[in-house]
Protein chains: 2
Amino acid sequence: MALEHALLVALRERPASGLELARRFDRSIGFFWHATHQQIYRVLARMEGDGWLTVRTVAQSGRPDKKEYDVSAAGREVLADWLAADTTVEPLRSELAVKLRAASYGDRARVRRLAEEHLAEHHARLAAYHRMAADQYPDPESLTGADRDRFLVLRGGVRLEEFWIGWLSEYLETTTEGQR
Amino acid sequence: MALEHALLVALRERPASGLELARRFDRSIGFFWHATHQQIYRVLARMEGDGWLTVRTVAQSGRPDKKEYDVSAAGREVLADWLAADTTVEPLRSELAVKLRAASYGDRARVRRLAEEHLAEHHARLAAYHRMAADQYPDPESLTGADRDRFLVLRGGVRLEEFWIGWLSEYLETTTEGQR
DNA sequence: GCTGTCATGTAACAGGTTACATGATTCG
DNA sequence: CGAATCATGTAACCTGTTACATGACAGC
């Protein structure tokens with residue numbers, strides 16, 4: 001139970017419609033959380049029912065109306081309470097890791113190729129994050145408050161990609177093409 | 001859909017009962033996958049029904065009987081097919097990361113303390129993984145096949161903990177106690 | 001007219017979590 | 001005798017995914 005809270009965070013940063021939230025989840029917030037629009041619509045409806053959000057219908061020129069959600073006073077309280085609550089260390093779930101471990105029960109060369117594909121993808125993501133950092137935070141030293149928090153989470157995204165690149169590189173260097 | 005496959009991997013390494021698998025998932029395999037015993041029992045039953053596993057009841061002295069599962073020929077084929085299939089890069093889901101980003105909407109000092117607690121936990125895990133590596137793989141250079149694969153996944157566990165330690169340390173150094 | 005995008009949703013299903021139940025045995 | 005461990009499971013619930021549906025407008 002935390003999509004609610006991730007949505008409260010996103011909406012405190014800026015009120016938005018369901019689709020806008022889904023798009024935002026594929027970028028900034030999405031380093032460490034993800035959700036599809038279907039899931040977001042469902043949860044938004046529940047949150048509105050619980051009084052955590054307010055809605056207003058916004059007419060747009062040349063586009064369908066949208067429902068813009070904002071966090072209510074009750075929602076702010078829920079968010080503050082959640083922030084103060086204990087949080088356990090979640091296990092990372094990686095299908096690729098299971099495959100790396102299992103390589104000897106199938107086509108080892110194929111598993112290597114999967115690792116290479118993932119490595120390329122992580123390189124691309126790292127480059128994208130570096131670009132975001134350069135664009136949005138040209139002077140990190142001077143950041144404060146919510147801006148600094150967002151920058152530091154982007155730093156986490158960078159470091160996570162570096163983790164993958166480091167590990168997969170080690171894997172690929174240690175195992176070699178046509179091996180036992 | 002991959003708990004099935006993680007279980008096939010675990011059972012190919014060594015036949016086991018449901019509870020033994022649950023315990024194993026909290027260690028070795030569990031760096032990158034996790035499941036509770038309830039979930040494991042449910043999935044084992046389905047896999048047996050699908051003919052991926054064989055079972056035999058093993059009597060034990062001073063303990064209840066256990067059902068020991070092993071992978072059937074059909075199960076081996078399923079595993080090999082899955083290994084060759086494409087795997088997408090999964091997003092990491094971290095409640096703590098969302099809280100770090102949201103610190104300015106609640107008690108910032110409290111969020112810092114959560115980060116400190118997680119940092120301590122990751123230090124402890126890293127130490128445990130280093131101990132495992134030293135105990136189980138005293139001579140990594142000479143490893144081959146499945147042993148080398150298992151070692152390399154343990155290396156991933158080590159690197160993942162280093163990621164957390166690096167990031168949370170950066171976070172704690174950049175934000176300071178009684179700050180805006 | 002067709003395709004693509006914006007925008008919101010429903011329905012069915014698969015996967016995962018939490019709580020509880022049972023029964024035997026060992027250990028203090 | 002009570003608590004802890006071993007072992008297997010059921011039931012209810014919550015979360016997340018996939019597929020599909022609708023309608024309006026923009027651009028080719």
Side-chain angles (χ1 to χ4, degrees), chain A residues 1-8 11 15-26 29-30 32-50 53 55-69 82 86-95 98, chain B residues 1-8 11 15-26 29-30 32-50 53 55-69 82 86-95 98:
Chain A
M1 135 146 320
L3 176 56
E4 285 86 322
H5 303 108
L7 288 172
L8 286 174
L11 290 173
S17 70
L19 206 61
E20 283 163 3
L21 285 167
R23 277 197 288 257
R24 237 189 269 170
F25 268 59
D26 287 336
I29 290 253
F32 297 106
W33 210 268
H34 172 261
T36 60
H37 73 105
Q38 293 88 340
Q39 210 188 335
I40 289 172
Y41 282 122
R42 197 210 274 157
V43 174
L44 283 175
R46 188 177 66 221
M47 289 167 80
E48 197 209 328
D50 290 345
L53 303 179
V55 208
R56 65 191 188 102
T57 303
V58 178
Q60 301 179 106
S61 62
R63 292 181 188 185
D65 293 356
K66 66 176 179 179
K67 290 187 184 175
E68 194 173 79
Y69 291 92
W82 173 73
D86 278 325
T87 291
T88 55
V89 173
E90 299 102 341
L92 171 60
R93 209 162 260 214
S94 167
E95 200 167 280
V98 177
Chain B
M1 137 146 318
L3 176 56
E4 283 87 323
H5 304 109
L7 289 172
L8 286 173
L11 289 173
S17 69
L19 205 61
E20 283 162 4
L21 286 167
R23 278 195 287 257
R24 240 191 266 171
F25 267 59
D26 287 335
I29 291 251
F32 297 105
W33 210 268
H34 173 261
T36 59
H37 73 105
Q38 293 88 340
Q39 210 189 334
I40 289 172
Y41 282 122
R42 197 209 277 155
V43 173
L44 284 174
R46 187 177 66 220
M47 291 168 78
E48 198 209 328
D50 291 343
L53 303 179
V55 207
R56 64 188 189 101
T57 304
V58 179
Q60 301 180 105
S61 63
R63 292 181 190 185
D65 293 358
K66 64 175 179 180
K67 289 188 186 177
E68 193 173 79
Y69 290 92
W82 173 74
D86 278 324
T87 291
T88 56
V89 172
E90 300 103 339
L92 171 61
R93 209 161 260 213
S94 167
E95 201 168 279
V98 177

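Toward the 5′ end of DNA chain D lies the nearest nucleotide of B/Glu20, the other residue of the pair B/Glu20 and A/His34 mapping further downstream. Both B/Ser17 and A/Gln38 sit near DNA chain D, but only B/Ser17 has its closest nucleotide nearer the 5' end.
Phosphate contact (OP1/OP2 of C/dG9, side-chain N/O of A/Tyr41, threshold under 4.0 Å): absent. For the pair A/Thr36 and D/dG16, the criterion of a side-chain N or O lying under 4.0 Å from OP1 or OP2 is not met.
Separating the CZ atom of B/Arg46 from the C1' atom of C/dC13 is a distance of 12 Å, rounded to the nearest angstrom. Rounded to whole angstrom, the span from the NE2 atom of B/His37 across to the P atom of D/dA11 amounts to 15 Å. Here D/dA7 presents its C1' atom at 16 Å from CZ of B/Arg24, a figure rounded to the nearest Å. Rounded to an integer number of Å, the gap from CD1 of A/Ile40 to C1' of C/dT10 is 17 Å. Taking atom NZ of residue B/Lys66 and atom P of nucleotide C/dT22, one finds them 26 Å apart after rounding to whole Å. In this structure, B/Gln39 atom CD and D/dT8 atom P are separated by 16 Å, rounded to whole Å. The nearest whole Å value for the distance from the CD atom in A/Glu4 to the C1' atom in D/dG16 is 13 Å. Look at OH on A/Tyr69: it is 7 Å from P on C/dT8, rounded to the nearest Å.
In this structure, NE2 on A/His34 lies 5.0 Å from CG on A/Asp26, to the nearest 0.5 angstrom. Distance check, rounded to the nearest 0.5 Å: CG of B/Leu3 to CE of B/Met47 gives 8.0 Å. Between the CG atom of B/Leu44 and the CZ atom of B/Arg42 there is a distance of 12.0 Å, given to the nearest 0.5 Å.
A donor N or O paired with an acceptor N or O is not found under 3.5 Å between the base of D/dT8 and the side-chain atoms of B/Arg42. Side-chain to base pairing of A/Arg93 with C/dG16: no donor and acceptor N or O lie closer than 3.5 Å to each other.
Looking only at distances, a side-chain donor or acceptor of B/Glu90 sits under 3.5 Å from a matching main-chain atom of A/Glu95.
Taking each heavy atom of A/Ile40 and A/Leu21 in turn, the nearest pair found is CD1-C, 4.1 Å.
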